[in-house]
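A short write-up of the structure that comes next.
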Amino acid sequence: MPDTGPEPTLVDLQPQPCVVLRERVPMGEMTSFFSRAFHLTGAAAGPHIGGPPLGIYFGMPSDTVDVAAGFPVHSAVEPSGEVVAYTLPGGRAAQYTHLGSYDSLAQSYDRLMTWMRERDLTPADVMWESYLNEPQPDHPESARTLITWPVA
């Protein structure tokens, strides 16, 4: 079990502009997709980057996932090639900080889903992860990931 952060919380968010690369990706190719996406979107955003890198998930993953990856930005950035503008939704969202390897994220998602269900909150079809630090190569368990899931 990962070393989890404090209890999930309910927050009110403002819409957040981002630059992203969005694709349908086989699960086995997620690492290479994220590497390519962060390189392209980081170059497109340049000095406008306004926060940690993001992975945005549209619906529940299966053997493939509809995913976007990129960065929040302080101001509008012109799309460039495959990189497009996207705005994370504002409103109520459940948040939970996962402490540990990306391989154990499913356990934190289960905990967050249980927490939402206990409070009669309906999760949206989109959710995102903010990668708060870059884990040390020899210690993947050092990763900190903020999971944000809009709710009704």
Shortest non-hydrogen contact between [X] and [Y], atoms and distance:
{"X": "Ile147", "Y": "Ser108", "value": "CD1-CB, 4.0 Å"}
{"X": "Ala44", "Y": "Val77", "value": "O-CG1, 3.2 Å"}
{"X": "Ala94", "Y": "Leu112", "value": "CB-CD1, 3.8 Å"}
{"X": "Gly50", "Y": "His74", "value": "CA-NE2, 3.4 Å"}
{"X": "Gln16", "Y": "Pro72", "value": "NE2-CB, 3.6 Å"}
{"X": "Ala93", "Y": "Thr148", "value": "CB-CG2, 3.9 Å"}

Self-check item: Donor-acceptor contact present, side-chain His98 to main-chain Arg144, <3.5 Å
Solution: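 Absent.
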Self-check item: Whether Thr41 side chain and Ala37 backbone form a donor-acceptor pair below 3.5 Å
Solution: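 Such a contact is found between Thr41 side chain and Ala37 backbone.
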Side chains of [X] and [Y]: closer than 4.5 Å at any heavy-atom pair?
{"X": "Tyr102", "Y": "Glu129", "answer": "no"}
{"X": "Met27", "Y": "Val65", "answer": "yes"}
{"X": "Val67", "Y": "Phe34", "answer": "yes"}
{"X": "Pro53", "Y": "Phe71", "answer": "yes"}
{"X": "Trp128", "Y": "Leu88", "answer": "yes"}
{"X": "Met116", "Y": "Arg111", "answer": "no"}
{"X": "Leu132", "Y": "Thr145", "answer": "no"}
{"X": "Thr122", "Y": "Val151", "answer": "no"}

Quiz item: For the atom pair CG (Leu121) and CG (Leu10), what is the distance rounded to the nearest 0.5 Å?
Solution: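 With rounding to 0.5 Å, CG (Leu121) is 6.0 Å from CG (Leu10).
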Quiz item: Taking atom CE of Met60 and atom CG of Asp66, what is their separation to the nearest 0.5 Å?
Solution: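 Met60 atom CE to Asp66 atom CG measures 13.0 Å (nearest 0.5 Å).
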With hydrophobic residues grouped by side-chain heavy-atom distances under 4.5 Å, do [X] and [Y] end up in a single group?
{"X": "Ile56", "Y": "Leu13", "result": "yes"}
{"X": "Val84", "Y": "Tyr57", "result": "no"}
{"X": "Tyr131", "Y": "Met127", "result": "yes"}
{"X": "Phe38", "Y": "Phe33", "result": "yes"}
{"X": "Leu54", "Y": "Trp149", "result": "no"}

Self-check item: Cation-pi geometry met for Arg22 and Phe58 (6.0 Å, 45°)
Solution: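 Output yes; distance and angle both within limits.
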Self-check item: Heavy-atom neighbours of Asp110 CG exceed 12 at 6.0 Å
Solution: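 It does: Asp110 CG has more than 12 such atoms within range.
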Quiz prompt | CD (Glu118) with more than 12 external heavy atoms under 6.0 Å | solution =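 It does: Glu118 CD has more than 12 such atoms within range.
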Exercise. Answer yes if the side chains of Gln95 and Thr9 hold a donor-acceptor pair under 3.5 Å, and no otherwise.
Key: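 No.
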Quiz item: Between Arg36 and Glu23, does at least one N-O distance fall below 4.0 Å, as a salt bridge requires?
Solution: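 Yes, Arg36 and Glu23 are salt-bridged.
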Self-check item: Ring-ring centroid check Tyr96 Tyr109, cutoff 6.0 Å
Solution: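 No.
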